[in-house]
Number of protein chains: 2
Amino acid sequence: MVAKNEHANRSGCPIACALDIFGDHWALLVIRDLAFFDRHEYKDFLHSEESISSNILSDRLKKLEAYSIISSLPHPDSQRRKLYYLTNKGKDLIPVLVSISRWSEQDLGKVVKIPPASRKMLVNNPDALVQETLKQIEQWEKSVGL
Amino acid sequence: MVAKNEHANRSGCPIACALDIFGDHWALLVIRDLAFFDRHEYKDFLHSEESISSNILSDRLKKLEAYSIISSLPHPDSQRRKLYYLTNKGKDLIPVLVSISRWSEQDLGKVVKIPPASRKMLVNNPDALVQETLKQIEQWEKSVGL
DNA sequence: TTGAAATAATTGCATAATGCAATCGTTTCT
DNA sequence: AGAAACGATTGCATTATGCAATTATTTCAA
């Protein structure tokens with residue numbers, strides 16, 4: 001890892017504990033890629049729109065794996081590539097991602113770009129968006145034999 | 001502010017945009033204090049369990065105010081003290097805080113300490129927790145004549 | 001009324017985290 | 001066999017954070 005995080009478990013507060021795990025600029029974006037964008041490989045995360053650095057990505061993948069939020073699988077086509085995926089603990093973060101998106105949609109105005117179909121579901125029935133996302137993840141899992 | 005954040009608006013992604021605002025170890029804790037713990041003053045935030053540093057607190061209050069997530073009021077008892085409170089934009093973050101708490105309750109185990117009454121509501125009816133929180137905020141607002 | 005405490009910051013400095021470009025050692029492709 | 005792809009790591013510059021001390025007011029209490 002790039003460096004140690006001195007803040008682990010500052011308190012028993014559920015929000016503080018969560019922030020000790022994903023309270024930074026990048027962790028949730030990796031989880032977003034896994035949850036919504038069907039990205040599962042190192043290079044996919046690396047090339048996502050926000051341009052994460054290679055060292056930071058490597059660090060976050062390790063941390064998220066250490067926290068059992070993600071896990072990985074050897075890629076069927078290659079022994080060196082890996083397929084990352086969300087554990088149940090990680091999937092449980094989808095409602096968090098959706099509520100954050102909902103807030104941005106409501107309160108951040110035009111800078112935020114969301115595909116119309118998703119936006120509609122996000123506004124009218126966020127729970128359905130969570131469910132649909134889970135369903136697509138299940139499909140992917142089946143496709144790799146998980 | 002302590003320093004400038006070079007990451008503003010990395011993309012149009014609603015999650016990335018949100019993280020550019022509160023994706024750090026402290027911002028959401030200040031919002032938590034305002035939302036759930038009836039803390040409204042600098043010293044209250046400063047003395048909260050996680051021990052935020054004075055310079056960081058000062059910085060976050062400025063940023064959150066700049067983003068119109070919080071606002072402030074002169075304290076009725078003192079001209080130097082201020083009363084901070086959540087704007088509508090800030091109140092819209094309560095569902096985010098609740099969903100994060102819910103995740104921690106579900107997936108972080110015993111390190112997380114939540115009062116039994118809140119935990120029950122968090123698990124069985126998170127929306128009700130949001131509503132109750134909003135109601136208590138309204139009461140406080142009334143009490144200071146907002 | 002005057003000195004002490006309280007309050008909201010700010011400063012300086014050490015440490016940690018991040019950003020960035022280059023590079024490494026494999027593996028895979030042609 | 002050589003080139004490209006890939007997952008990482010390294011070194012170094014910059015930015016953010018942590019921490020203790022300090023500041024300038026204001027408020028409180030003897």
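Naming: A, B, ... by sequence-line order, numbering from 1 per chain.
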Is there a side-chain polar atom (N or O) of [X] under 4.0 Å from OP1 or OP2 of [N]?
| X | N | result |
| --- | --- | --- |
| Gln79(A) | dT28(C) | yes |
| Arg60(B) | dT17(D) | yes |
| Ser54(A) | dA8(D) | no |
| Lys43(A) | dT28(C) | no |

Once you round it to whole Å, what is the distance between [atom2] of [N] and [atom1] of [X]?
| X | N | atom1 | atom2 | answer |
| --- | --- | --- | --- | --- |
| Arg81(B) | dC28(D) | CZ | C1' | 12 Å |
| Trp26(A) | dT18(C) | CH2 | C1' | 10 Å |
| His40(A) | dC6(D) | NE2 | C1' | 18 Å |
| Leu61(A) | dT9(D) | CG | P | 11 Å |
| His75(B) | dA6(C) | NE2 | P | 16 Å |
| Leu57(A) | dA21(C) | CG | P | 16 Å |
| Leu46(B) | dA8(C) | CG | C1' | 9 Å |
| Asn55(A) | dA8(D) | CG | P | 13 Å |

- prompt: dA8(C) base to Ser58(B) side chain: any donor-acceptor pair below 3.5 Å?
  reply: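 Between dA8(C) and Ser58(B), which were checked side chain against base, a qualifying N/O pair under 3.5 Å is absent.
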
Q: Pick base, sugar-phosphate or nothing for Phe45(A), based on heavy-atom distances below 4.0 Å to the nucleic acid.
A: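 The residue Phe45(A) makes no contact with any strand.
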
task = Assign Ser53(B) to base, sugar-phosphate, or nothing according to its heavy-atom contacts below 4.0 angstrom with the strands shown.
result =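 The answer is base, as Ser53(B) lies within the cut-off (heavy atoms under 4.0 Å) of a base atom.
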
Practice task
Among the candidates dT26(D), dT17(D), dT27(C), find the nucleotide nearest to the side-chain atoms of Ser78(A).
Solution key: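 Closest nucleotide to the Ser78(A) side chain: dT27(C).
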
_Can you see whether Ser71(A) engages Glu65(A) through a side-chain donor-acceptor pair at a distance of less than 3.5 angstrom?_
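The criterion, which ignores hydrogens and geometry beyond distance, is not satisfied for Glu65(A) and Ser71(A).
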
Check: Between Ile52(A) and Arg80(A), which is nearer to the 5' end of DNA chain C once each is assigned its nearest nucleotide?
Finding: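 Residue closer to the 5' terminus by nearest nucleotide: Ile52(A).
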
Counting N and O atoms only, with roles assigned by atom type, does the side chain of [X] sit under 3.5 Å from a partner on the main chain of [Y], one being a donor and the other an acceptor?
| X | Y | answer |
| --- | --- | --- |
| Asp33(A) | Val30(A) | no |
| Tyr42(B) | Ser54(B) | yes |
| Trp103(B) | Ile15(A) | no |

query: If you measure from the Lys or Arg side-chain nitrogens to the Asp or Glu carboxylate oxygens, is any gap between Lys113(B) and Glu49(B) under 4.0 Å?
result: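 Judged by the 4.0 Å cut-off on N to carboxylate O distance, Lys113(B) and Glu49(B) do not form a salt bridge.
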
